[in-house]
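Worksheet: one structure, shown below.
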Amino acid sequence: MRLGGGGATIGFFDSGVGGVSVWHEVVKRLPRYVTLYVADNAHCPYGPRPPEQVQHFSRGIARFLIDRGARLIVVACNTASAAALASLREEFDVPFVGMEPAVKPASQQTETGHIGILATKGTASGDLFRDTSERYAIGATVHIQIGEGLVERVEAGQAYLPETEELLRQYLQPMIDSNVDQVVLGCTHYAFLLPVIRRIVPEGVAVIDPGTAVARQVERVLMSRPAEWIGSEADPAPQQLAARFFASDRPDILAATVEARIGWQPQIDRVAWQDGKLHSL
Ligand code: DGL
């Protein structure tokens, strides 16, 4: 479907609103592209679920996005990338851009030799994270902390409550005591906690949110494809961002999250799971 803009349609998905932080980085960089975003908040959080279940949801959402014209899919969720990226690439013909904790830049930038990773259980226990750490964290000690309960708080619009700050302090203090100078956000929901995290970590500790790096990667993948994927500068820029949003629960929260980023409330379509497939309502 062409809503405006030029080039291929880009699909995004996450267990909820977390991936909106990634979506926003991509549309800032590539404003002419049509984007589709699925928030599977009926199943949120993904983090504590078995990987097979997350794979199953990811497959259903990828199919839904491809059926609506997506030619590239951003798995805007570290947990789904950990569980499903490899199988999605095997099963579907479109390119996927996934997320993994930014261990490489953190290891390159650290001066203390200690880096902290805040991630969900699914990401921290996945092969993707283990492989990346083995490959890139050479010479650096990785301090990993599961951010239990944080995704739920972001979804509930409680990012700025004192209880959330307290929880974050409990998670971050041991890293700070271990002398980390890099804190990697290993879950896209945590981007919404950035101002609170910055208040907690000492000055001089870098907090790495991979959203902009992912946007650059999306651009690289598009540019490596045929011309019709890329679109042309002559294509009219859409009047407003050509974006469509879908939620399997609570469209109000998704709408409010997007509005907080871009200044206007998008329309959100409700979708529902039936027999393992995602359907429009
Ligand atoms: N935002 C997701 C991630 O990056 C999902 C977190 C969750 O649902 O537990 O991991």
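Just so it is clear, the values below take in all heavy atoms, side chains as well, and ignore hydrogens, waters and symmetry mates. Note that ligands are numbered from 1 as they come in the structure, with each ligand's atoms numbered from 1 the same way.
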Close-contact set for ligand 1 against Asp14 heavy atoms, below 4.0 Å = 1 (N), 2 (C), 5 (C)

Proximal ligand 1 atoms for Asn78, defined as those under 4.0 Å from one of its heavy atoms | 3 (C), 4 (O), 10 (O)

Quick check: does Thr123 get an N/O under 3.5 Å from an N/O on ligand 1?
-> no

In terms of atom number and element, which parts of ligand 1 are under 4.0 angstrom from non-hydrogen atoms of Gly47?
-> 7 (C), 8 (O), 9 (O)

Within the 6.0 Å centroid threshold, strictly below: Phe57 and Phe13 = no

Asp14 and Tyr46: side-chain donor and acceptor closer than 3.5 Å?
-> no

Phe245 vs Trp23 aromatic rings, parallel, tilted or perpendicular, using cut-offs 30° and 60°?
-> perpendicular

Atoms of ligand 1 under 4.0 Å from any heavy atom of Thr120, numbered from 1 in the order shown, are 6 (C), 9 (O), 10 (O)

Would you check if Ile200 and Ile197 make a side-chain contact, meaning some heavy-atom pair closer than 4.5 Å?
-> no

Atoms of ligand 1 close to Ser15 [distance to a heavy atom under 4.0 angstrom, numbered from 1] | 5 (C), 6 (C), 7 (C), 8 (O)

Are side-chain heavy atoms of Ile138 and Ser107 found at a separation under 4.5 Å?
-> no

Atoms of ligand 1 close to Pro45 [distance to a heavy atom under 4.0 angstrom, numbered from 1] = 7 (C), 8 (O), 9 (O)

What is the nearest protein non-hydrogen atom to atom 7 (C) of ligand 1, stated with its residue, atom name and distance?
-> Tyr46 N, 3.3 Å

Are the aromatic ring centres of Trp273 and His43 under 6.0 angstrom apart?
-> yes

With a cut-off of under 6.0 Å to the ring centre and 45° to the axis, is Arg68 in cation-pi contact with Phe64?
-> yes

Heavy-atom proximity to atom 10 (O) of ligand 1, picking from Val17, Thr79, Val75, Val154, points to Thr79

For atom 6 (C) of ligand 1, the closest protein heavy atom turns out to be Val151 CG2, 3.6 Å

